[in-house]
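These notes concern the structure reproduced below.
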There are 2 protein chains.
Amino acid sequence: MKRKIDIDPPLILEAFTPYRLNKAAEAVSHRFASLYRDQYGLTRPEWRTLATLGQFGTMTATAIGTHSSMHKTKVSRAVLALEQRRWLLRKRDETDRRVENLVLTPAGRKAYLDLVKVAHDFEAELLQQLGPRGAAALKNGLEALEKLAG
Amino acid sequence: MKRKIDIDPPLILEAFTPYRLNKAAEAVSHRFASLYRDQYGLTRPEWRTLATLGQFGTMTATAIGTHSSMHKTKVSRAVLALEQRRWLLRKRDETDRRVENLVLTPAGRKAYLDLVKVAHDFEAELLQQLGPRGAAALKNGLEALEKLAG
DNA sequence: CCAATTTAGTTGCAATTGTGACGATCTATT
DNA sequence: AATAGATCGTCACAATTGCAACTAAATTGG
């Protein structure tokens, strides 16, 4: 005679959405990071800073942090590293002297444009590997997630 | 008269799939981590170790690392922490004395079951917030991603 | 106008993580 | 059985990160 089993169902980690999401994101990030690390010796905070500055032009460190979800000390160190490579310049804001307006140098912009190509190629290959259905699903899923936390 | 503009299109970070994926995963992970951190003082490696052991029963540190994508030193430290809480026991394998077979204690299993409930609740709320379409899309997208890197 | 509060960015310190080397043990080859 | 190579887990050390305190400058409110 069968009876009800009253153990809690254990958690299947491979089916747990936060875990799956995290693992997938880490795998993708890691593959992309190896490109800019191997080709340019950039760290992830440095890449994000470069990408944000390249996208928006002149910008402050705080704005970069807000926009790319990085702590201000991370941004501070990334800015220092990029400055030492001569990829960006700091300009004191004349009307608010606490602020530094950051701008890419020509060398910084050139590296940025190179990396934009690397990024676009990487994404294109990723989406192609996912196939049209997988790519569309992923984008829709991400969109739904983004609507939650902002 | 219009003419072709020949600048590269800049990268829009908010539309770049690896970035979106990473940001979404971090937001979700962080929200979930705050639950087990606040309620049990667990770190992420500790939670993952507990969850893997709870799911599979007796297991070695190396197997935990392989299964949950953690470096072996991370696992080693998480195991030490869980051992000190008396949530797991190490048993030397008799046939291979390099190996430690790890098992949850009753206290460890109780904590695990509590956290399984927290995890299930968290996931249910997440999926509910995403709505049926968003949740399905996310799952399909993750499935497509998992088929790539394994 | 001045004190209190807020903001931008940096720095020192502590915690977390990754790397490489290590001792111990097992396996494979001769 | 003896040597060489692989594997398990740990440790010491270096690099990365986060937090809190700090300087300098702007803003707010009496």
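Labels below follow one simple rule: chain letters A, B, ... track the order of the sequence lines, proteins then strands, and each chain is numbered from 1.
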> From the list dG9(C), dG9(D), dT11(C), which nucleotide is the closest neighbour of the side chain of Arg90(B)?
Replying inline: dG9(D)
> Quick one: do Leu80(A) and Met70(A) end up in the same hydrophobic cluster if we chain Ile, Leu, Val, Met, Phe, Trp and Tyr together by side-chain heavy atoms under 4.5 Å apart?
Replying inline: no
> Within the structure, does a side-chain N or O atom of Ser76(B) lie under 4.0 Å from either OP1 or OP2 of dT10(D)?
Replying inline: yes
> If you find the nucleotide of DNA chain C closest to Arg92(A) and the one closest to Glu94(B), which residue's nucleotide is nearer the 5' end?
Replying inline: Arg92(A)
>> By nearest atom, which of the nucleotides dT25(C), dA26(D), dG9(D) is closest to the Asp96(A) side chain?
In response: dA26(D)
> Tell me: CZ of Arg44(B) to C1' of dG18(D), nearest whole Å?
Replying inline: 15 Å
>> Under 4.0 Å, heavy atoms only, any strand: does Thr43(A) hit a base, just the sugar-phosphate, or nothing?
In response: nothing
> What's the CD-P distance between Glu100(A) and dA25(D), to the nearest Å?
Replying inline: 12 Å
> Leu102(B) has an atom CG; how far is it from atom C1' of dG9(D), in whole Å?
Replying inline: 10 Å
> Separation of Leu80(B) atom CG from dT16(C) atom C1', in whole Å?
Replying inline: 15 Å
> Is any side-chain nitrogen or oxygen of Lys74(A) closer than 4.0 Å to OP1 or OP2 of dG18(D)?
Replying inline: yes
>> It should be established whether Arg77(A) places a side-chain nitrogen or oxygen under 4.0 Å from OP1 or OP2 of nucleotide dG12(C).
In response: no
> Atom CG of Asp93(B) to atom C1' of dT25(C): distance rounded to whole Å?
Replying inline: 12 Å
>> Pick the closest DNA chain D nucleotide for Pro45(A) and for Lys72(A) by heavy atoms, then say which residue is nearer the 5' end.
In response: Pro45(A)
>> Checking Glu146(A) against Glu14(B) for the side chain to side chain contact (heavy atoms under 4.5 Å, CB included) test, could you report, in this order, the C-alpha distance in whole Å, the side-chain angles of both residues, the deciding distance, and whether it holds?
In response: CA-CA 10 Å; Glu146(A) 284 158 359; Glu14(B) 303 90 331; over 6 Å; no
> Quick one: is dC26(C) close enough that its OP1 or OP2 comes under 4.0 Å of any side-chain N or O from Arg97(B)?
Replying inline: yes
>> In this structure, how many angstroms lie between the P atom of dG18(D) and the CZ atom of Arg37(B), rounded?
In response: 13 Å
> Salt bridge between Glu100(B) and Lys91(B), side-chain N to carboxylate O under 4.0 Å?
Replying inline: no
>> Is any side-chain heavy atom of Ile12(A) closer than 4.5 Å to one of Gln55(B)?
In response: yes
>> From CE of Met70(B) over to P of dT17(C), roughly how many Å is that when rounded to an integer?
In response: 10 Å
>> Measuring to OP1 and OP2 of dG9(C), would you say a side-chain N or O of Thr62(A) lies under 4.0 angstrom away?
In response: yes
> What is the distance from CZ of Arg98(A) to P of dG9(C), rounded to the nearest Å?
Replying inline: 9 Å
> So, the side chain of Asn140(A) versus the backbone of Ala136(A): is there a donor-acceptor pair under 3.5 Å, distance only?
Replying inline: yes
